[in-house]
Amino acid sequence: MATAFQLTPERVEKIETYNRIGWPNLMTISLLELYTQTSQDTLRSVFLSRDDAPFIKYHQRGGVIPRKAWDAFTASISVGKTYEGEI
């Protein structure tokens with residue numbers, strides 16, 4: 001069963017900090033979870049499993065997501081289009 005996103009006091013503090021200083025241009029899945037306030041399971045199964053997801057893999061288990069590409073990706077899929085970004 002998928003784990004729901006939990007908004008703990010530590011996460012609220014991190015979100016407030018990033019909202020104040022700005023979100024990083026490259027995000028890990030953990031940072032993307034905070035940015036979208038969506039569980040990692042949902043991110044992986046619904047969004048990152050798509051062929052057009054802007055996920056840059058490195059090594060065997062890691063990767064990053066460019067923040068601006070993520071915003072363009074979610075805007076594209078929200079209107080039923082395929083993301084055709086630079087990645």
Side-chain angles (χ1 to χ4, degrees):
M1 175 174 265
T3 307
F5 179 76
Q6 303 271 331
L7 199 55
T8 63
E10 294 83 18
R11 286 182 170 181
V12 169
E13 185 178 332
K14 282 184 179 181
I15 290 169
E16 289 173 350
T17 299
Y18 281 126
N19 284 338
R20 188 174 60 251
I21 65 171
W23 288 87
N25 289 328
L26 291 175
M27 297 188 286
T28 61
I29 293 177
S30 297
L31 273 175
L32 186 63
E33 179 184 33
L34 284 177
Y35 182 70
T36 61
Q37 296 184 21
T38 304
S39 74
Q40 289 187 26
D41 292 337
T42 301
L43 288 171
R44 284 188 175 102
S45 64
V46 176
F47 298 104
L48 298 177
S49 64
R50 292 174 52 112
D51 290 335
D52 60 339
F55 185 71
I56 302 169
K57 293 180 184 178
Y58 61 87
H59 301 293
Q60 290 195 7
R61 294 182 39 125
V64 293
I65 300 100
R67 182 177 41 85
K68 289 183 180 182
W70 177 261
D71 292 339
F73 168 70
T74 55
S76 294
I77 64 173
S78 70
V79 294
K81 295 183 178 180
T82 300
Y83 176 66
E84 297 179 6
E86 64 275 356
I87 297 174

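Below, all heavy atoms of this structure are taken into account, side chains as well, without hydrogens, waters or symmetry copies. No experiment lies behind these values; they were computed from the predicted model shown. All residue numbers in this chain count up from 1 along the given sequence.
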(message) Has R67 got a side-chain atom pairing as donor or acceptor with M27's backbone, closer than 3.5 angstrom?
(response)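 Looks like no, no N/O pair under 3.5 Å.
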(message) Using a 6.0 Å cut-off, check whether atom OH of Y35 has over 12 heavy atoms from anything other than its own residue.
(response)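 Correct, the count exceeds 12.
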State the [atom1]-[atom2] distance between [X] and [Y], to the nearest 0.5 angstrom.
X	Y	atom1	atom2	result
Q37	L7	CD	CG	5.5 Å
T82	F73	OG1	CZ	9.5 Å
L48	T42	CG	OG1	10.5 Å
L43	I29	CG	CD1	7.5 Å
L34	Q40	CG	CD	9.0 Å
F47	L32	CZ	CG	9.0 Å

(message) Restricting to non-hydrogen atoms, name the atom on Y83 and the atom on P54 that form the minimum distance, rounded to 0.1 Å.
(response) CE2-CB, 4.0 Å
(message) Evaluate F5 against T38 for side chain to side chain contact (heavy atoms under 4.5 Å, CB included), listing each step before the verdict.
(response) CA-CA 6 Å; F5 179 76; T38 304; 5.8 Å; no
(request) With sequence neighbours excluded, tell me which residues meet salt bridge (charged side-chain N to carboxylate O under 4.0 Å, His left out) with R11. (result) E33
(message) Please list all pairs meeting salt bridge (charged side-chain N to carboxylate O under 4.0 Å, His left out) that have one or both residues in residues 69-82, counting only residues at least two apart or in different chains.
(response)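 Qualifying pairs, neighbours excluded: none.
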